[in-house]
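Notes follow once the structure below has been shown.
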Amino acid sequence: MEYNFHEIEQKWKRYWAEHHTYRVSNQSDKPKFYVLDMFPYPSGAGLHVGHPLGYIASDIFSRYKRLKGFNVLHPMGFDSFGLPAEQYALDTGIHPAVSTANNIKRYKEQFANIGFCYDWEREVQTSDPAYYRWTQWAVVQMFEHYYDRDANKALPIKQLEQKFEHSGNQNVHAAGGFDKKFTAEAWKQYSHAEKEAVLMHYRLIYRRPISVNWCAALGTVLANDEIKDGLSERGGHPVEKRSMLQWSLRTTAYGERLLNDLDTIDWTESLKTMQRNWIGKSEGAQLFFHLHRRKDNIEVFTTRPDTIFGATFMVLAPEHPLVAQITTNKHQDEIDDYLKYVQSKSEVERMADKKVTGAFTGAYAVNPFTKTKIPIWISEYVLKDYGTGAIMAVPSDDDRDKAFAEKFHLPIIDVVDKSKYPGASLHDKVGIMINSDFLNGMEVPNAIQTMFTRIEALKIGKRRINYKLRDANFSRQRYWGEPFPFIYDKEGITYPVKTSELPVVLPNTDDFKPSSDAKSPLSKCTDWVHLPNGYTRETDTMPAVAGSSWYYLRYMDANNDKSLADKEAIKYWQNVDLYVGGTEHAVSHLLYARFWHKFLHDIDFVPTTEPFQKLINQGMLQGVIESIYLKKEKTNGHHHIYGSKLLLASNANLNDYIKLYVLIDYVTDYGAADSHLNIAGIDKFRKWRPEYNDAIFETIYGTYHLGKFTPKGDVSDVKLVTHSEVGKISKSRYNVINPDDVIAEFGADCFRMYEMFLGPIEQSKPWDVRSISGVSSFLRKFWSLFYDLNTGKYLVNEVEPTKAALKVLHTAIKGITEDIERFSFNTCVSKFMVCVNELKKLNCHNRFILNELVILLAPFAPFTMEELWEKLGHQTTVCDATFPTFDESYLKEDVIMYPISINGKKRGEAHFPTTMQPKEMESLVRDLEVVKKWTEGIPIKKVIIVAGRMVNIVV
RNA sequence: GCCUCUGUGGCGGAAUUGGUAGACGCGCUGGACUCAAAAUCCAGUGAUAGCAAUAUCGUGGGGGUUCGAUUCCCCCCGGGGGUACCA
């Protein structure tokens, strides 16, 4: 019997489908375990080798848990709303629903090839109306709730209205909130529209104007990463900041709980730290600075009120509303120029810029403590959305303020003496106050507290908690997303669509261009927008994070048409036990999902407070990007294309050339140092990029033009050497490697194990198919324990296993169990290899040993193990076997080898009985030849013996 | 810029709590088999010196703690991810 993985894969793929091997029930006596992958966006490029990394890891873990006796939920679905499908529709006219359906079909075929144990009866697609009905339902619930600070949870907005009726908003402590106080009488006098406007300040999803990146030429709002140097990446059109009415989620309401509950979940400390920093809680003072000779004042938030005597100027965000009002005529031009400069930069660029820039408004404020007049500047380093959009600048104790003061020659007053704290940096809150009037001589923490009290006593500000976290902008002017379940009457008052009338189905159209008035393409579906009663629909759609914020709940009861999921199902599955996904989602998706979950918890929909109990991050697989160089200037009407070797040899200025990515299929010796295009490769390239069909290809071996090769010297083939660099695998870099090709050549089990063998799951690493042969020969070697590879003879015997073989087996069981539990799958593969190498050496074909090994390996190589399990005479799937347990007694050794080190450096080895105590060993150690050799003539200072570990002699 | 991860042979990586640096695999070198090649098998393989035994150096760079540091602390350099509308 030969190892034919093609036949084996087809056979078991069919078996699993026919026997519903991966169907999961919501009723079971077994303990539950929920393993979840971050579901993919079904892109047009199909699955590439980087995607399955996490999926294989979670699949192994799911199968392992099942073998360990758990009822395992391991579902898969698609995050199928998104920008790329819409962009593709704009380019090709193909409807996003059509391209998305095709892509999903392709993904599912690819998933099936890899042998994942998903229960496809629970599949979800976020763009399916049966799914987004419940996304809309949750949004309606948010609209009808507010966050009550006293109850510390979301409560129905009806209860808030009752409070208003009863006592106005005097005693209401709510997130967000209306900034003016009103009485019950006043409330009752309000018109319907006025009441609704007030309530909008409390709802958990609410509408407000937000500044967005508006690109008039494209007629759309752009993401920061779609903007390069102030221009749209697509087309290079100008982009401006523009205020638009948008829906927002009141994520800040949950800031405190999102922060505190991190302590209850099992995520890496680094990920929790990222979320903590994103939430960015800080305690400080809200302070008002009066303007000099004007009535207005500037609100700032500072965590260092103690340094106020060093506040020698103020800086406003360029977008701060006061800027226009306070700028003096004399400085108007300067400010306008600066605003123009800032407009051209994205927020990331503004923060990343090391250059110190700014402009003076000509206006002054008064420092409330020193009573001195301080100038008001604007600068890009102050962001409008963080804090109050204005700062009091203390150049002596803040790096950026200091750089700013130095550049613009503003005064610097030292207020903290750090001489007692050597090594303390500028932002450490330590030191003794100086030059600070009544604070002089105090330690910083004490001074901060003193200032809080003083500020509140003087009524110029308040102690306050500030969060960096902002409410999430939830509106998109796009077609391919969930429609909002909101309608407006003629006055513009918002009404949620009745939940019984959900879903609000996305209307069909073939016009995906944004409308001319900065509205989404949906606004052009006039029949859909205008309701018979004169009301109109919201035409923005939701962002992709909407559907992905709660999909893990839908899997628990995916086909329910009465509810988001049945409460009994949620009660059974609780939350996700293990979530596997990339760190690129560290804050956005993971924070929104936590927010959503907490809201559903508040309205009694889910019993748990957190969605994902344990989370591990998978790294990215990187690929090699291959490119050649195009000279920017044509010569004699021809493009010239150069190989990297020739270009480097000629010391050319790279600025004169453009890097052209080459489809890696055309490259010979892909990824190697001398990767290149030969004649066939160049011809394929010319066909692929017809604009370069008549280009002249220059290589160190000669010139190739229109099918004709003019060699330099005695060579027969062109070698257009390509430049190789490690980077992201992506369609735009033409370096996507399809797992199907790898599977066709080496088999799915080999592919699965090789992906794991590449390295630790959480680390990024380059994909290099060349070393896959090691795993391939391992699987054949494993097979050869059952069948002679030459004769096909069945080798398995029924004799008693030897002590040596049992030791090999139990070493493997111990190591692999521990490694799976700590998600170290690469070392599992190594341990399997060591185990098989040892059994080969022992010439072991023992039935008992092999039976256990098949179960052990089944999570990693399910196809082959099903086959061998059957060959061993079992009638049922190996998925329902019992994972072997490890027995210490097989591993006991009589003697232990100790490394003998002199001053920490290993110089020899010695064997001692396992039971021997360090005290007994010492004199024997001193008599060892190695020890005598290295300590000749030098006294031994100390002998360190760690039982079972090592010996170190100190001289 | 800020937050976070990461850096070990020619390559992917191992070393789980501070205790033998380089497991396992690829590649490379030599050998067996073969008319030959592929496949397979066996041996070697961090660098330097040496016939060898062995010695010295060696985990991005610099410093520190320790009997002992890839592992802990401080500073610096390189690479990845995020930075709120890619997913």
Side-chain angles (χ1 to χ4, degrees), chain A residues 38-41 43 79 81-84 87 212-213 220-226 246 251 268 270-271 273-278 280 346-354 381 385 399-400 423 468-478 543-545 548 582-589 591-592 617 619-620 622 671 673 726-728 754 757-760 762-768 770-775 777-778 780 789-790 818-819 822 824 826-827 829-834 837 897-901 903-909 941-944 946 949-955:
Chain A
M38 288 186 187
F39 62 166
Y41 174 78
S43 96
D79 192 8
F81 272 134
L83 219 46
Q87 192 54 45
V212 294
N213 301 311
T220 185
V221 175
L222 297 177
N224 277 326
D225 68 11
E226 293 176 292
Q246 312 262 289
T251 32
T268 57
S270 62
L271 196 60
T273 306
M274 269 192 264
Q275 289 222 341
R276 282 187 194 112
N277 291 335
W278 183 268
S346 74
E347 212 166 283
V348 174
E349 286 171 329
R350 276 171 60 171
M351 287 188 288
D353 210 327
K354 281 185 194 168
Y381 80 89
D385 290 323
D399 296 305
R400 287 173 311 178
K468 205 155 77 189
L469 182 72
R470 314 200 289 249
D471 283 344
N473 177 5
F474 216 59
S475 290
R476 301 290 182 268
Q477 292 70 46
R478 311 280 187 187
V545 290
S548 61
T583 32
E584 66 268 27
H585 300 287
V587 276
S588 56
H589 158 62
L591 202 73
Y592 292 130
N617 286 124
M620 285 205 319
Q622 293 159 318
V726 172
K728 230 184 197 158
Y754 182 57
F757 190 53
L758 282 172
E762 69 278 9
Q763 263 170 44
S764 290
K765 56 236 152 191
W767 167 262
D768 179 1
R770 279 171 297 178
S771 358
I772 200 172
S773 58
V775 175
S777 55
F778 158 76
R780 269 207 307 282
L789 287 174
N790 297 315
E818 284 171 2
D819 286 356
R822 66 185 178 105
S824 175
N826 56 327
T827 51
V829 180
S830 297
K831 277 167 188 158
F832 279 122
M833 287 172 169
V834 171
N837 288 345
M897 192 277 287
Y898 282 86
I900 310 296
S901 298
N903 285 340
K905 185 97 188 153
K906 187 191 166 193
R907 297 297 177 182
E909 294 172 353
K941 281 192 195 146
K942 207 171 169 186
V943 177
I944 294 161
V946 180
R949 277 269 179 202
M950 46 67 70
V951 175
N952 190 21
I953 315 284
V954 186
V955 293

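Order of the sequence lines sets the chain letters (A, B, ...), proteins ahead of strands, with each chain counted from 1.
Residues passing the ring-ring contact (aromatic ring centres under 6.0 Å, His included) test with A/F832 are A/F860, sequence neighbours excluded. Residues meeting the side chain to side chain donor-acceptor pair (under 3.5 Å) test with A/N952, sequence neighbours left out: none. For A/V212, the side chain to side chain contact (heavy atoms under 4.5 Å, CB included) partners at least two apart in sequence or on another chain are A/V221, A/M244, A/Q246, A/N473. Partners of A/N837 according to the side chain to side chain contact (heavy atoms under 4.5 Å, CB included) rule, which considers only residues two or more places apart in sequence or in another chain, are A/K781. For A/Y898, the ring-ring contact (aromatic ring centres under 6.0 Å, His included) partners at least two apart in sequence or on another chain are A/F912. A search for side chain to side chain contact (heavy atoms under 4.5 Å, CB included) contacts involving A/E909 returns A/M897, A/K906, not counting sequence neighbours. Under the side chain to side chain contact (heavy atoms under 4.5 Å, CB included) criterion, A/E584 pairs with no residue at all, not counting sequence neighbours.
A donor-acceptor contact under 3.5 Å is not formed by the side chain of A/N277 with the base of B/rC3.
Under the 90° criterion around 0 for the glycosidic angle, B/rG9 counts as syn.
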Find every protein N or O atom lying less than 3.5 Å from an N or O atom of nucleotides 10-17 of chain B, and list the pairs.
residue: B/rG12; atom: O2'; partner: A/L758; partner atom: O; Å: 2.4
residue: B/rG13; atom: O5'; partner: A/L758; partner atom: O; Å: 3.4
residue: B/rG13; atom: O3'; partner: A/N826; partner atom: ND2; Å: 3.3
residue: B/rA14; atom: OP1; partner: A/N826; partner atom: ND2; Å: 2.8
residue: B/rA15; atom: OP1; partner: A/R822; partner atom: NH2; Å: 3.3
residue: B/rU16; atom: O4; partner: A/K831; partner atom: NZ; Å: 3.4

Write out a two-atom table: protein N or O, nucleotide N or O from nucleotides 70-77 of chain B, distance below 3.5 Å.
none

Listing time: all N or O pairs from protein to nucleotides 52-56 of chain B that are below 3.5 Å?
residue: B/rU56; atom: OP2; partner: A/R907; partner atom: NH1; Å: 3.0

Close N/O contacts between protein and nucleotides 36-40 of chain B (under 3.5 Å):
residue: B/rU40; atom: OP1; partner: A/R780; partner atom: NH2; Å: 3.3

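Nearest to the side-chain atoms of A/V834 among the listed nucleotides B/rC24, B/rA87, B/rU20 stands B/rC24. For A/T583, the listed nucleotide lying nearest its side chain is B/rG81; candidates were B/rC67, B/rG81, B/rA87. Candidate nucleotides B/rU20, B/rC24, B/rG19 were compared by shortest atom distance to the side chain of A/M950, and B/rG19 ranks first. For A/W278, the side-chain atoms get nearest to B/rU83 when compared with the rest of B/rA87, B/rU83, B/rG27. Counting only heavy atoms from C-beta on, A/L469 has its side chain closest to B/rA84 among B/rG80, B/rG25, B/rA84. You'll find that the side chain of A/M620 is closest to B/rG81, out of B/rA84, B/rG81, B/rA87.
In this structure, A/M38 reaches neither bases nor backbone, as no heavy-atom distance under 4.0 Å exists between it and the strands shown.
Rounding to whole angstrom units, CG of residue A/L591 and P of B/rA84 are separated by 14 Å.
Between the side chain of A/S824 and the backbone N or O of A/P760 there is no donor-acceptor pair closer than 3.5 Å.
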Output field dot_bracket for RNA chain B (Watson-Crick or G-U, both distances under 3.5 Å, | for other-strand pairs) contains (((((((..(((......[....)))((((((.......))))))((((....))))..(((((..]....))))))))))))....
